[in-house]
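Here, residue 1 is the first one in the sequence, and each next residue gets the next number. Note that ligands are numbered from 1 as they come in the structure, with each ligand's atoms numbered from 1 the same way.
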Amino acid sequence: AKLEILEFPDPRLRTVAKPVEKVDDELRKLIDDMFETMYAAPGIGLAATQVDVHIQLIVMDLSEDHNKPMVFINPQITPLTEEQAPYEEGCLSVPGFYEKVTRPARVRINALDRDGNAFEVEADELLATCIQHEMDHLDGKLFVDYVSRLKRDRIKKKLEKIHRQQG
Ligand SMILES: O=C(O)C[C@@H](Cc1ccccc1)C(=O)SCC(=O)c1ccccc1
Ligand SMILES: [Zn+2]
């Protein structure tokens with residue numbers, strides 16, 4: 001089922017997610033609902049925080065044909081270089097706004113997959129940007145936290161206005 005995506009400045013987006021205890025069928029149902037929600041948005045990533053479930057779970061799919069799904073459970077990240085890379089980031093929880101964010105250019109991710117098996121990937125380019133953006137969600141952080149307060153307040157005012165008009 002399609003889930004509702006929380007939108008900035010909803011305070012629930014600031015919740016710090018807890019580790020997943022058991023990788024079971026209930027979790028896999030949530031994973032499938034998150035993929036359905038992400039593809040419908042459309043987006044290339046989605047953190048459980050964004051659908052108001054505060055556990056360390058991320059889904060991603062950077063492919064054109066929506067056929068390369070990736071699941072990261074209890075992910076750990078290690079920067080592999082001092083080099084930073086900028087990217088014009090968007091966020092399904094901050095719809096309509098894009099801001100340049102600079103992050104480590106290459107990272108290693110250790111996580112569990114949807115069967116509970118441990119795996120490790122090295123990421124660069126958009127994969128590195130996106131996984132770091134998703135992991136921020138699990139820490140209650142948003143990409144608007146990296147821009148000036150002035151810009152962040154402008155974005156907050158605009159989205160609050162839209163949410164008021166939606167009733
Ligand atoms: O809010 C999210 O976490 C999803 C976000 C992930 C992300 C994208 C780009 C840079 C950093 C993080 C999105 O998917 S925003 C939508 C988007 O970027 C996109 C949508 C359709 C096709 C390709 C990209
Ligand atoms: Zn986001």
Amino acids in close contact with ligand 1, where any non-hydrogen atom sits under 4.0 angstrom away = P42, G43, I44, G45, Q50, Y87, E89, G90, C91, L92, T129, C130, H133, E134, H137
Ignoring hydrogens and angles, state whether a donor on the side chain of E7 or S93 is under 3.5 Å from an acceptor on the partner side chain.
->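 E7 vs S93: no donor-acceptor pair found between side chains.
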So, D61 and S63: side-chain donor and acceptor under 3.5 Å apart, yes or no?
->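 A pair is found: one side chain offers a donor N or O, the other an acceptor, under 3.5 Å apart.
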N-O pairing of E89 and R103 below 4.0 Å | yes
Would you indicate whether the side-chain heavy atoms of E88 and E99 approach each other to under 4.5 Å?
-> no
Could you tell me the angle subtended at the Zn ion (ligand 2) by SG of C91 and NE2 of H133, rounded to 10°?
->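 Result: 120°, to 10°.
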Find, among atoms of H137 that are N, O or S, the one nearest to the Zn ion (ligand 2), and state its name.
->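 Relative to the Zn ion (ligand 2), the closest nitrogen, oxygen or sulfur of H137 carries the name NE2.
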For the pair K158 and D153, evaluate salt bridge (Lys or Arg N to Asp or Glu O under 4.0 Å) and give the outcome as yes or no after the intermediate values.
-> CA-CA 9 Å; K158 283 186 187 157; D153 285 352; over 6 Å; no
Nearest heavy-atom pair of R12 and D52: which atoms, and what distance?
->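 Looking at all heavy atoms of both residues, the shortest contact is NH1-OD2, 3.3 Å.
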Check whether more than 12 heavy atoms from other residues, nucleotides or ligands sit under 6.0 Å from atom CD of Q165, and answer yes or no.
-> yes
